Amino acid sequence: MRTDEGIREALRAHAEHADMPLPPVDEVFARARRQTATTGLAWSLAIVAVAVAVVASVDALRSPVVEFFEQPAPGVELGGDDAAVTEDAGGADRVRVPDVTGMTLAEAEKALQAVDLAGEPVSGPAWSDPDAPEAVVVAQQPPVGTELAAGEVVGFRTALVTPELCDVLTQIPPRRGDAGDLARSDGYWDVLRQARPVAQSPLAGHMDDLLAHDEDGAPLGEDAERALDSVAIHHDACSGQRR
Amino acid sequence: LVSGSDREAFTDFYRQHARDVQRALAVTLGDPELARDATQEAMARAWRSWSEVRTFSNAAGWVYRVGLNWGRSRLRRWSREVLGAFRDNTVEAATPPDPALAAALQRLSEAHRAVVVLRLYLDWPVEKVGAALGIPAGTVKSRLHGAMNRLRSTLEAADAYR
């Protein structure tokens, strides 16, 4: 078993091993001059491109500038595994957050790394929890499609979707609409009562809220909406669906 | 206008921090050659904006971040082009002193690796790491906690097989 200090020492040795000769500072000055020259040329080209576009038509004005920063071009359809990448003026890539709900922790980590984002479980089982290899992502923040700078973190909630829970929840067929549609499915509330004893937090609490509403006729507020979503997401995960 | 004292001050800054930044980027990006290029790129940008950068409380952190963004963009372009395969097949990396640690670091996300490198290798305080990466101190702590747990468990499994 390695101690933190042992890891720190090994990291130092690793970093020193990865070292390469440092160029003299004069090379930095020369590179800065080249950057200035390149930037000047880029501005000149951009000004010419804009001028040409203005003459051609107002619609054509947008594309030369946007194409400079965005790949693929606006309007191009992407496949399921593709990621759109943009680059801001500071050089940081921007990527769109993929949908990781329904994935296991390992799958979610891989999917986020593929687009150069990081993941951070904010509640529920964490990356390193050896007792939760079957934990799945049940919610993520920010949502799918949000643009982030590469390297930024997507937070998500994970939950244990156990075989016992899925045996009960999958008595309801896969949903076709939103969480409310699922709640209107035949047998929804009976399934909820059966599933409650095998559900774990936070799903168990959400189910309690819903059952209280069902029994006492308490009004469905924002909390109930979140609870319906929570049940639906677990149901999706059990049914092999991703939202 | 650039004065002689500006040039002198930047040269001091470069001598003081460039090697640390280059090593930190080498571990974070997993590519020493790219890290050297990224450091040079970021240092050149720092020189071009020196009147502003020199006032930063953690100018080296700014250079690291700019270098990381630039290096990351390069990695992505390489991975999309044939050059990625070319590099992988032709550049033979020397065996690291601790292959298990090298492998465990590569299994971390880049965001987690960056926190580990800045906190443990450069020994920067949590607040300084957060400022360099543009994230709150609490996020630095949680990422560090998660990364260390992961490193420990991966190393433990690897060491058991040695």
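Nothing here was measured: the structure is a model prediction, and the numbers come from that model. Quick note on labels: first sequence line is chain A, next is B, and so on, each numbered from 1.
Heavy atoms only, all atoms of each residue included: His14(A) and Ala102(B) are closest at CE1-CB, 3.5 Å. Considering every non-hydrogen atom in both Gln22(B) and Pro21(A), the closest pair reads NE2-O, 4.1 Å.
Side-chain contact between Arg31(A) and Asp37(B) is present, with heavy atoms from C-beta onward closer than 4.5 Å. At least one side-chain heavy atom of Phe10(B) sits less than 4.5 Å from a side-chain heavy atom of Val25(A). Residues Asp4(A) and Leu120(B) form no side-chain contact, since every pair of their non-hydrogen atoms from C-beta on lies 4.5 Å or further apart. In this structure, the side chains of Arg15(B) and Leu22(A) stay at 4.5 Å or more apart for every pair of heavy atoms. The shortest distance between side-chain heavy atoms of Pro32(B) and His17(A) does not fall below 4.5 Å. The closest side-chain heavy-atom distance from Pro24(A) to Tyr14(B) is not below 4.5 Å.
Counting heavy-atom pairs closer than 4.5 Å to chain A, the top residue among Pro97(B), Ala104(B), Ala18(B) is Pro97(B). Of all the listed residues (Met43(B), Arg119(B), Arg143(B)), the one sharing the greatest number of non-hydrogen pairs under 4.5 Å with chain A is Arg143(B). Contact tally against chain A (heavy-atom pairs below 4.5 Å) for Arg65(B), Glu110(B), Arg152(B): the top residue is Arg152(B). The residue among Ala35(B), Ser142(B), Ala111(B), Ala26(B) with the most heavy atom pairs within less than 4.5 Å of chain A is Ser142(B). Most heavy-atom pairs under 4.5 Å with chain A, from the set Leu101(B), Leu133(B), Leu122(B), Val117(B): that is Leu101(B).
Looking at Glu109(A) and Arg150(B), a side-chain N of the basic residue comes within less than 4.0 Å of a carboxylate O on the acidic one, giving a salt bridge.
Taken from CD in Glu16(A) to OH in Tyr121(B), the straight-line distance is 5.5 Å, to the nearest 0.5 Å. One finds the CZ atom of Arg19(B) at 4.5 Å from the CG atom of Asp19(A) (value rounded to the nearest 0.5 Å). Between the CZ atom of Arg12(A) and the CZ atom of Arg23(B) there is a distance of 11.5 Å, given to the nearest 0.5 Å.
Proximity to chain A is absent for every atom of Arg113(B), based on heavy atoms less than 4.5 angstrom apart.
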